Amino acid sequence: MNNALRTLTAVGPLVLLTAACSGTPADSADTAAPADPSPSTAPISSVLFIGDSIAVGQSLPLTAAFEQSTVAFESLAAEGGGNVVGPFSDEQWETLPEQIESASPDVVLYQITTYDWGTREEQSQGYERLVETVTDAEAELVVLTAPPIRPDDFYEPHVDDLERAPQVARDVARDSAGQATVLDAGDVWGQEYAQEREGLADRHPDGIHTCPQGAARFTDWLLDELAGLYPGFTPPAAETWAEGDWAADDHFSAC
């Protein structure tokens with residue numbers, strides 16, 4: 001058993017799936033959703049996941065989990081990109097509409113990326129375009145807030161933009177006539193980067209990415225949130241996916 005997987009299983013089936021999904025929720029007005037997400041009566045059969053390299057790591061346990069369900073899952077998460085606003089987004093938009101259309105998803109998950117830089121207007125335009133693209137594909141958009149990072153010299157100039165992005169996404173979702181929802185992942189991560197949780201590696205030491213434990217906790221939280229939004233969806237039990245070999249992926253090698 002590799003070290004990352006041993007971390008997940010040493011104290012039972014993913015100890016922090018039962019204990020550590022109680023992170024500190026956001027307590028500022030800016031991080032509160034403008035309205036509670038409304039459950040949908042429509043069944044879902046396929047989910048598409050979009051995001052940056054953080055989402056690449058999260059897609060590994062998500063793939064394992066959805067394989068234990070009746071819902072198909074596909075990830076378009078990309079290293080060094082995946083964003084719909086900010087640097088590289090022009091290249092993303094050259095292919096994204098066709099990729100979404102081809103995937104024929106019922107739900108598109110977009111995790112706000114560490115590249116969602118720009119003015120409020122630029123961010124709003126990017127998220128509005130995403131809502132329109134997803135709606136044109138006859139799907140619903142669920143925007144996920146990103147885990148907090150420990151900004152280095154590369155990210156430091158963009159901290160204000162990244163802190164603003166979730167609220168801009170909420171404003172866009174509020175005006176989307178029910179086509180978009182924002183889920184705050186603060187319950188998973190807290191409001192500040194923390195490398196360890198309960199003495200185990202939860203986030204990558206680079207201050208940006210997740211370790212298997214964190215990715216699994218996020219997956220458990222997201223599955224439950226989707227079950228709340230789509231009552232016809234039943235999350236697979238954690239023991240059916242949490243101990244898979246996904247945790248040994250090279251993406252987590254520095255954990």
Side-chain angles (χ1 to χ4, degrees), residues 1-18 20-21 23 44 46-83 99 103 105 107-115 142-149 183 185 187-189 193-197 200-227 233 235-255:
M1 182 184 300
N2 62 74
N3 289 338
L5 187 55
R6 182 179 295 110
T7 299
L8 293 175
T9 60
V11 285
L14 206 57
V15 60
L16 293 187
L17 285 183
T18 58
C21 284
I44 61 173
S46 60
V47 171
L48 183 65
F49 189 36
I50 303 171
D52 60 8
S53 56
I54 297 175
V56 170
Q58 294 166 336
S59 73
L60 298 171
L62 280 168
T63 297
F66 276 103
E67 286 176 349
Q68 304 302 319
S69 78
T70 59
V71 176
F73 176 79
E74 180 180 352
S75 175
L76 296 178
E79 303 279 356
N83 48 310
Q99 289 174 314
V107 178
V108 174
L109 305 174
Y110 176 75
Q111 181 167 271
I112 293 174
T113 80
T114 57
Y115 298 104
V142 177
V143 177
L144 312 170
T145 62
I149 66 173
L183 296 179
D187 285 350
V188 180
W189 309 114
Y193 166 86
Q195 185 174 351
E196 293 188 354
R197 192 178 183 94
L200 302 175
D202 203 64
R203 300 287 303 278
H204 196 288
D206 67 3
I208 306 297
H209 300 91
T210 67
C211 285
Q213 175 180 273
R217 292 193 309 105
F218 170 81
T219 295
D220 190 60
W221 167 82
L222 179 56
L223 293 174
D224 283 346
E225 291 292 322
L226 290 176
F233 171 65
E239 56 266 24
T240 67
W241 56 266
E243 297 183 1
D245 59 6
W246 60 267
D249 191 272
D250 287 345
H251 185 85
F252 302 117
S253 60
C255 290

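Computed from a predicted model, the values in this text were never measured in an experiment. Residue numbers count from 1 along this sequence.
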Next item on the list: Show your working on side chain to side chain contact (heavy atoms under 4.5 Å, CB included) between E79 and H251 and close with a plain yes or no.
Entry: CA-CA 10 Å; E79 303 279 356; H251 185 85; 3.4 Å; yes
Next item on the list: Walk me through it: do N83 and T114 pass the test side chain to side chain contact (heavy atoms under 4.5 Å, CB included)?
Entry: CA-CA 8 Å; N83 48 310; T114 57; over 6 Å; no
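In this structure, P147 and I54 have side chains that are in contact, with non-hydrogen atoms separated by less than 4.5 Å. Using a 4.5 Å heavy-atom threshold, the side chains of L109 and L222 count as touching.
Among residues two or more places apart in sequence or in another chain, the side chain to side chain donor-acceptor pair (under 3.5 Å) test is passed with T210 by none. Scored by the side chain to side chain donor-acceptor pair (under 3.5 Å) test, D206 finds H204, H209 as partners (sequence neighbours excluded). Residues that satisfy the side chain to side chain contact (heavy atoms under 4.5 Å, CB included) test with A103, not counting sequence neighbours, are L48, E74, P105. The side chain to side chain contact (heavy atoms under 4.5 Å, CB included) test applied to A237 returns E239, T240, not counting sequence neighbours. Judged as a side chain to side chain contact (heavy atoms under 4.5 Å, CB included), and not counting sequence neighbours, S253 has no contacts.
When each of L144, V143, L76 is paired with I50, the side chain to side chain contact (heavy atoms under 4.5 Å, CB included) condition holds for L76 and for no other.
A distance of 9.5 Å separates CZ of F49 from CZ of F66, quoted to the nearest 0.5 Å. The CG atom of L223 sits 10.5 Å away from the CH2 atom of W221 when rounded to the nearest 0.5 Å. In this structure, CD1 in I149 is found 4.0 Å from CD1 in I208, a value given to the nearest 0.5 Å. Between atom CD of residue Q195 and atom SG of residue C211 there is a gap of 7.0 Å, rounded to the nearest 0.5 Å.
Across all non-hydrogen atoms, the minimal contact from D224 to P235 is OD1-CG, 3.9 Å. The shortest non-hydrogen separation linking G82 to Y110 is O-CE1, 3.5 Å. Listed here is the closest heavy atom pair of V47 and I44: CG2-CD1, 4.3 Å. When all heavy atoms are compared, the tightest approach of T145 to A185 is OG1-N, 2.7 Å. The minimum heavy-atom distance between P212 and A247, with the atom names listed, is CG-O, 3.7 Å. When all heavy atoms of S69 and P236 are compared, the pair lying nearest together is CB-CD, 4.4 Å.
Using bins of under 30°, 30° to 60° and over 60° for the plane-to-plane angle, the ring pair W246/F252 lands in the perpendicular bin.
For D202 (side chain) and R197 (main-chain N/O), no donor-acceptor pair under 3.5 Å exists by modelled atom type. The backbone N or O of P148 lies less than 3.5 Å from a partner atom in the side chain of R203, making a donor-acceptor pair.
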Check residues 56-64 and write down every donor-acceptor pair under 3.5 Å in which the side-chain atom is one partner and the other belongs to a residue at least two apart or another chain.
| from | atom 1 | to | atom 2 | distance (Å) |
| --- | --- | --- | --- | --- |
| Q58 | OE1 | Q111 | NE2 | 2.9 |
| S59 | OG | V56 | O | 2.6 |
| T63 | OG1 | S59 | O | 2.7 |

